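Worksheet for the structure shown next.
Here the structure is a predicted model, which is why all the values come from computation and not from measurement. Heads up: numbering here begins at 1 and tracks the sequence.
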Amino acid sequence: MSQVYLNGVFLPLEEARVPVLDRGFLFGDGVYEVIPVYGRKPLALEAHLDRLEHSLAGIRLDNPLVRTAWVSLLERLIQEATTDDQSLYLQVTRGVAPRDHGFPLQVPPTVFAMSKPLTPVPPAWVQAGVAAVTRVDDRWLHCDLKTTALLANVLLRQQALDEGAVECLLLRTGFLTEGAASNVVLVVEGVLCSPPRNHLLLAGITLDLVLHLAVQLGIAHAERPIREEELRSAEEIWITSSTREMVPVTRLDGKPVGTGQPGPIGLRLLSAYQALKSHG
Ligand code: PDD
């Protein structure tokens, strides 16, 4: 059984315990990261640790570990895991204290990290694409922070699952933001587009990698606000995330996207992403 890391100690998952007064449990007062690992090599680790810094600063929590300490503890989890391809999860909460909304004084944060096998993306998802639904983005205004307070995302994702879809695409005041747990990149009139990276969505590391690949492949990209009508008439829609890589959305709210098949621009990017994964 793989070991997990909790507050400086490596121990079996079954033995890892957090007190009920942990502010992560009581308030969702914490931040997290999910890092994909291929062949025991983490993909874009530095970018994930940079985003962790951003999230911690955004909730006014000091980073409990220096960069080298994060890298070495994650490396140990990677090496001790049972599979070569993994999903690394890490979480920092504001620690254990009597329940009170205000920050506790001088309380050490809770630091947790684990590795689990990376569930491969079902080949049918890539071959035929998946269904998605749209909903109003009713989350808060700090979606650039990767916080553990995910209830809105959980409820939105579940609405997609309830309709037999895989993801819920979110619209705020008539503009696309992101998916419940993914970013969205689309092709509108032949141009690869994605919504502006601001406080309304998470700056996805996978999307960043995909956009770098687009530059290398000479695929033009525009980062700009995307109106609901443009989403609905897009030639291609793709969702990106560390655990799902790039998945084509071929049905949106029951209607076909473009031809109803995964489109050529996304497929080029996906094959470049697969190569990047294997070579790091
Ligand atoms: N979530 N937007 C949201 C709201 C997300 O939760 C995620 C990923 C993304 C994609 O970010 P990245 O490419 O850096 O994984 C965008 C992870 C996988 C999760 O919560 O499990």
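By the criterion of side-chain heavy atoms lying less than 4.5 angstrom apart, applied directly or through intervening Ile, Leu, Val, Met, Phe, Trp or Tyr residues, Val34 is not grouped with Leu90; the two fall into different hydrophobic clusters.
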Show me the donor-acceptor pairs within less than 3.5 Å that the side chains of residues 113-127 make with the rest of the protein, sequence neighbours left out.
from   : atom 1 : to    : atom 2 : distance (Å)
Ser115 : OG     : Gln86 : OE1    : 2.8

Contacts table for residues 207-217: side-chain donor-acceptor under 3.5 angstrom, sequence neighbours left out:
from   : atom 1 : to     : atom 2 : distance (Å)
Asp208 : OD1    : Arg197 : NH1    : 2.5
His212 : ND1    : Asp208 : O      : 2.9

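Heavy atoms only, all atoms of each residue included: His221 and Ser194 are closest at NE2-OG, 2.8 Å.
Residues Asp50 and Arg67 are paired through a salt bridge, judged by an N-O separation under 4.0 Å between the basic side chain and the carboxylate.
Under the side-chain contact (heavy atoms from CB on, under 4.5 Å) criterion, Ala16 pairs with Val4, Leu6, Leu11, not counting sequence neighbours. Residues passing the side-chain contact (heavy atoms from CB on, under 4.5 Å) test with Val136: none are found, sequence neighbours excluded. Glu163 is linked by a salt bridge (Lys or Arg N to Asp or Glu O under 4.0 Å) to Arg135, counting only residues two or more places apart in sequence or in another chain. For Glu236, there are no salt bridge (Lys or Arg N to Asp or Glu O under 4.0 Å) partners two or more places apart in sequence or in a different chain. Checked against ring-ring contact (aromatic ring centres under 6.0 Å, His included), Phe25 has no partners two or more places apart in sequence or in another chain.
Evaluation of the salt bridge (Lys or Arg N to Asp or Glu O under 4.0 Å) test over residues 179-196, restricted to residues two or more places apart or in two chains, returns none. For residues 245-272, every residue pair satisfying the salt bridge (Lys or Arg N to Asp or Glu O under 4.0 Å) rule, not counting sequence neighbours, is listed here: Arg232-Asp253, Glu245-Lys277. Applying the ring pair (Phe, Tyr, Trp, His ring centres under 6.0 Å) definition to pairs two or more places apart or across chains, those involving residues 30-67 are Tyr32-Tyr89. Sequence neighbours left out, the pairs with a member in residues 25-35 that pass salt bridge (Lys or Arg N to Asp or Glu O under 4.0 Å) are Arg23-Asp29, Asp29-Arg94, Glu33-Arg51. Applying the salt bridge (Lys or Arg N to Asp or Glu O under 4.0 Å) test to residues at least two apart or on different chains, the pairs with a partner in residues 136-154 are Asp137-Arg139, Asp137-Arg172, Arg139-Glu178.
Panel note: side chain Gln3, backbone Leu77; no donor-acceptor pair is recorded below 3.5 Å.
The cationic group of Arg76 does not satisfy the cation-pi geometry with Tyr5, failing either the under 6.0 Å distance to the six-membered ring centre or the 45° limit from the ring axis.
The shortest side-chain heavy-atom distance between Ile205 and Pro36 does not fall under the 4.5 Å cut-off.
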